[in-house]
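Keep in mind that this is a model prediction, so the values were computed, not measured.
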Amino acid sequence: MEPVVGAQDPDPGLEALRRVRAELRGSMAALEQALAAPAPGRPGWWAERVEVALVELSADFGEHVAVTEGPEGTHAAVVAATPRLSNVVRRLASEHAVVSGLVADLLTRVRPPLAAGDIDAIREFATALLGRLARHRQHGADLIYQAYQVDLGGET
């Protein structure tokens, strides 16, 4: 989707935010694909593939945190422009710490050796993480819309 008609980006940081959102979405899709790969008879191969996707996701999420929470980040700009949204910004920032911890935990879980039952548990945990990330991205897009009346778009 394009930004709201007539709206201008009030903050050039929104382009960076759009870029990292797209990268994060891509790494989420890569993790989902890795998790869905068949694992019977090859748990090491499966775990390696999931680990590669998690490392990419971790890097993209770290960049997302830097773009939003950094000194020139979008969160600071939102609070400066629309102080009433400071509680939403705080909640989103607290989610960053939780998600980072979950990703780190998953990286530990996929390290060999894996038992057959570990794969189902990892898939469950990672699927819950992906759901949490999707909701976080939605809440972030809602925040930007509330602050600037700008639609970040449904990038692929």
side-chain contact (heavy atoms from CB on, under 4.5 Å) for Phe125 and Asp105? Distances and angles first, verdict last. CA-CA 10 Å; Phe125 192 91; Asp105 185 29; 3.2 Å; yes
Exercise. When you look at Leu24 and Val20, which way does the side-chain contact (heavy atoms from CB on, under 4.5 Å) test go after all the steps?
Worked result: CA-CA 6 Å; Leu24 182 57; Val20 298; over 6 Å; no
Report the C-alpha separation of Asp118 and Val110 in whole Å, then their side-chain angles, then the decisive distance to 0.1 Å, and conclude whether the side-chain contact (heavy atoms from CB on, under 4.5 Å) test is met.
CA-CA 8 Å; Asp118 293 341; Val110 298; over 6 Å; no
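The shortest side-chain heavy-atom distance between Arg91 and Asn87 does not fall under the 4.5 Å cut-off. With contacts defined as side-chain heavy-atom distances shorter than 4.5 Å, the pair Leu106/Val50 does not qualify. Val99 has its side chain out of reach of Val65: every pair of non-hydrogen atoms, C-beta onward, lies at least 4.5 Å apart. When side chains are defined from C-beta on, Phe61 does not count as touching Val103, because their heavy atoms never get closer than 4.5 Å. Using a 4.5 Å heavy-atom cutoff, the side chains of Glu32 and Thr127 are not in contact. Using a 4.5 Å cut-off on side-chain heavy atoms (C-beta onward), Leu85 and Val79 make no contact. Counting heavy atoms from C-beta outward, Arg18 and Val150 have side chains that approach closer than 4.5 Å.
Residue pairs meeting the side-chain hydrogen bond (donor to acceptor under 3.5 Å, both in side chains) criterion with at least one partner in residues 45-68, sequence neighbours excluded, are Arg19-Glu63, Ser27-Asp60, His64-His96, His64-His136.
Across every non-hydrogen atom of Ala76 and Pro71, the tightest pair is CB-O, 4.1 Å. The shortest non-hydrogen separation linking His75 to Ala93 is CE1-N, 4.3 Å. Nearest approach of Leu114 to Ala47, heavy atoms of both residues: CD1-CB, 3.3 Å. Residue Gly41 comes nearest to Pro43 through the heavy atom pair C-CD, 3.5 Å, listed as atom of the first residue, atom of the second, then distance. Between Leu14 and Tyr148, the shortest heavy-atom distance links the atoms CD1-CD1, 4.1 Å.
Leu54 contributes atom CG, which lies 7.5 Å from atom CG of Leu129 (distance to the nearest 0.5 angstrom). Of the inter-residue distances, the one linking Thr74 atom OG1 with Glu69 atom CD reads 9.0 Å to the nearest 0.5 angstrom. A distance of 10.0 Å separates CZ of Arg25 from CG of Leu133, quoted to the nearest 0.5 Å.
Formation of a donor-acceptor pair under 3.5 Å by the Arg123 side chain with backbone atoms of Leu35 is found in this model. Looking only at distances, a side-chain donor or acceptor of Arg21 sits under 3.5 Å from a matching main-chain atom of Arg137.
Atom CD of Gln146 has more than 12 neighbouring heavy atoms from other residues, nucleotides or ligands inside a 6.0 Å radius.
Applying the side chain to side chain contact (heavy atoms under 4.5 Å, CB included) rule to Val52 yields no partners; only residues at least two apart in sequence or on another chain are considered. Listed by chain and number, the residues in a side chain to side chain donor-acceptor pair (under 3.5 Å) with Asp142 amount to none (sequence neighbours excluded).
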